[in-house]
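Working notes, structure below.
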Amino acid sequence: MIGDFSIHATDGQARLGELHTAHGIVRTPAFMPVGTVGTVKSLCPQDLRDAGSQIILGNTYHLYLRPGDELVARRGGLHRFMRWDGPILTDSGGFQVFSLSGLRKLTPDGVEFRSHIDGSKHLFTPEKVLDIQRNLGSDVMMVLDECVPYGADHAYTLKSLDLTHAWAARSRENHAPGRNGQLLFGIVQGGFFKDLRERSAEAVCSMDFEGHAIGGLSVGESTAEMYDLLAHTAPLLPAHKPRYLMGVGKPLDILEGIEHGVDMFDCVLPTRNARNGTLYTSQGQVNIKRAQYREDDEPLDPACSCYTCRNFSRAYLRHLYVAKELLSYRLNTIHNVRFFLDLAAGAREAVAHGRFEVYKARFREIFQPAEA
Ligand SMILES: Cc1ccc(CCc2c3nc[nH]c3cc3c(=O)[nH]c(N)nc23)cc1
Ligand SMILES: [Zn+2]
């Protein structure tokens, strides 16, 4: 049934699961490529399918401002508009307001902000952002929350929880479980305070959401801080529902999350870094602009079977990047998205066979080789 989450194997806290959505089953642990204005930059839907994408992220904030969620609804919803027939998860937009919009104001009713496109004034309330996500036709919707800025003190973070929890309750009230097959996930906040993380998990996980996200991480903190709060917070979320770690992360961060029982991940790294020539391979990171690749006939990653690695040399990829050719974006993004999707697919395989620890250790060797 839509919304069902079943666990098929476990390996320590790591689990192999399946989330049933209106547009298909998501096998977890899953990596979700980040789409912004109705596209995963430079990729077409077929590229996404070829790379193994199951579920992609759509951006509520951007689509609301342009072309408008009501226009998308009139065009049949985001799936039809962008020709992606798999599951789509959309964020509530509050986080994007704080990272993109200049003028914004937090009020008990919602977030007031000015469009970064034309300066027009807008108000995101818990109910409004659900109307937008319903218009987009998202399969998994997120509640409006306040992502507390890194470094906020205990008092501010505590006060912010009152708002975030009140908004979560209003969101659940506004969208009944199973409505139109669109799932609603709650978001746990609490900053970097373990007592507030417990308080938020207690409050949010008692509101009968179909899944729970860990918010407020990947906001500029150190890896050690992120891992510490992750280890503390993940087990507080009910094990029988999907756990989504928002905005995470680098390959090793995703594996750390899986080890602690997280099921869903999103990160802009594969797409953003593809555009600045930072490529992820089975031999570590490759900065394709480096002179050492000028005459390198080898594929970017001999262990990768993506279109880019099957057809082009590092020399050609470097040339495209240096020449600022549009094809550079596309070939680099095809590879990086495939790398992150293969990382998740390999993790599912490893958990299924009780070999996750070895799998994680292999990647640590690649991306964080032990000091020689
Ligand atoms: C299209 C899209 C882009 C990005 C996201 C996740 C964006 C994101 C975070 N990214 C890094 N850290 C993050 C924390 C939060 C958070 O606490 N709350 C919300 N609602 N989103 C977050 C979702 C969808
Ligand atoms: Zn490749």
Side-chain angles (χ1 to χ4, degrees), residues 32-41 47 50-52 55-64 78 88-100 111 124 126 129 133 136 138 140-150 152 157 160 164 167-168 171 185-191 200 204 212-221 226 229-230 233 244-249 253 264-272 274 279-283 286 288 298-312 314 317 331-343:
M32 306 182 283
V34 173
T36 41
V37 285
T39 152
V40 176
K41 290 189 188 311
D47 295 328
D50 292 349
I55 174 171
I56 64 170
L57 295 192
N59 203 312
T60 302
Y61 170 80
H62 285 87
L63 290 164
Y64 161 77
L78 189 54
I88 296 177
L89 181 149
T90 48
D91 200 359
S92 44
F95 180 85
Q96 287 75 25
V97 165
F98 279 85
S99 42
L100 287 164
V111 187
F124 272 177
V129 299
Q133 295 177 83
L136 297 177
S138 337
V140 181
M141 308 189 297
M142 304 307 294
V143 299
L144 183 67
D145 62 325
E146 185 195 356
C147 175
V148 173
Y150 178 58
T157 307
S160 166
T164 282
W167 287 354
S171 304
F185 279 21
I187 304 177
V188 169
Q189 292 289 348
S200 190
V204 171
H212 303 105
I214 299 174
L217 295 182
S218 186
V219 289
E221 75 276 11
M226 186 219 283
L229 268 295
L230 164 63
T233 310
Y244 165 22
L245 179 51
M246 304 190 90
V248 173
D253 300 345
M264 297 160 74
F265 302 86
D266 84 85
C267 184
V268 292
L269 278 179
T271 40
R272 183 179 297 165
L279 307 178
Y280 296 87
T281 79
S282 57
Q283 293 150 352
V286 166
I288 198 63
E298 290 303 304
L300 174 59
D301 186 348
C304 177
S305 43
C306 82
Y307 172 72
T308 301
C309 294
R310 290 198 316 269
N311 289 284
F312 305 96
R314 290 172 173 182
L317 294 176
L331 294 181
N332 289 357
T333 304
I334 282 174
H335 170 76
N336 270 2
V337 167
R338 176 64 176 264
F339 184 88
F340 275 69
L341 290 166
D342 281 355
L343 177 80

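Because the structure is predicted, anything quoted here is derived from the model rather than measured. Counting starts at 1 for both ligands and their atoms, in listed order.
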Selected option - heavy-atom contact closest to atom 4 (C) of ligand 1, from His62, Gln189, Gln96: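 Selected option, by shortest heavy-atom distance: Gln96.
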Using a 4.0 Å heavy-atom cut-off, which part of [X] comes near ligand 1: side chain, backbone, both, or neither?
X	answer
Met142	neither
Asp266	side chain
Ala213	neither

Can you report which non-hydrogen protein atom sits closest to [atom], along with the distance?
atom	value
atom 17 (O) of ligand 1	Gly216 N, 2.7 Å
atom 7 (C) of ligand 1	Asp91 OD2, 3.3 Å
atom 13 (C) of ligand 1	Phe95 CE1, 3.5 Å

Enumerate the atoms of ligand 1 whose separation from the nearest heavy atom of [X] is less than 4.0 angstrom.
X	result
Gly58	1 (C)
Leu57	1 (C), 2 (C), 23 (C), 24 (C)
Gly215	16 (C), 17 (O)
Ile187	20 (N)
Val34	1 (C), 3 (C)

Heavy-atom pair with the smallest gap, counting every atom of His335 and Tyr280: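 Taking His335 first and Tyr280 second, the nearest heavy atoms are NE2-O, 2.5 Å.
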Exercise: identify the closest heavy-atom pair between Ser92 and Asp145: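 Between these two residues, the closest heavy atoms are OG-OD1, 3.6 Å.
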Sub-4.5 Å side-chain heavy-atom contact between Pro302 and Gln283: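 SC-SC contact between Pro302 and Gln283 confirmed.
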pair Val219-Leu217: side-chain heavy atoms closer than 4.5 Å: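 Side-chain contact under 4.5 Å: no.
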Ligand 1 contact by Ser92, heavy-atom criterion under 4.0 angstrom: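 Yes; Ser92 lies near enough to ligand 1 that a heavy-atom distance drops under 4.0 Å.
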Heavy atom of Gly35, distance to ligand 1 below 4.0 Å: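 Yes.
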Do any nitrogen or oxygen atoms of [X] lie less than 3.5 angstrom from nitrogen or oxygen atoms of ligand 1?
X	value
Asp145	yes
Val219	no
Leu217	yes

Proximal heteroatom of His335 relative to the Zn ion (ligand 2) (N/O/S):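 Sorting the N, O and S atoms of His335 by distance to the Zn ion (ligand 2) puts ND1 first.
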Verdict with supporting geometry, Lys41 and Thr36, side chain to side chain donor-acceptor pair (under 3.5 Å): CA-CA 7 Å; Lys41 290 189 188 311; Thr36 41; 3.2 Å; yes
Close aromatic pair by centroid cut-off 6.0 Å: Phe340 and Phe265: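 No; Phe265 has its ring centre 6.0 Å or more from that of Phe340.
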Phe95-Tyr61 aromatic ring centre distance below 6.0 Å: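 No; Tyr61 has its ring centre 6.0 Å or more from that of Phe95.
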Any donor-acceptor N/O pair, [X] side chain to [Y] backbone, under 3.5 Å:
X	Y	answer
Thr60	Asp91	yes
Gln189	Gly216	yes
Thr233	Leu230	no

Steps toward side chain to side chain donor-acceptor pair (under 3.5 Å) verdict (Asp47, Tyr307): CA-CA 9 Å; Asp47 295 328; Tyr307 172 72; over 6 Å; no
Test salt bridge (charged side-chain N to carboxylate O under 4.0 Å, His left out) applied to Asp301 - qualifying residues, sequence neighbours left out: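 Residues passing salt bridge (charged side-chain N to carboxylate O under 4.0 Å, His left out) with Asp301: none at all.
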SG (Cys306) to the Zn ion (ligand 2) to SG (Cys309) angle, given to the nearest 10 degrees: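 Approximately 110° at the metal, rounded to tens of degrees.
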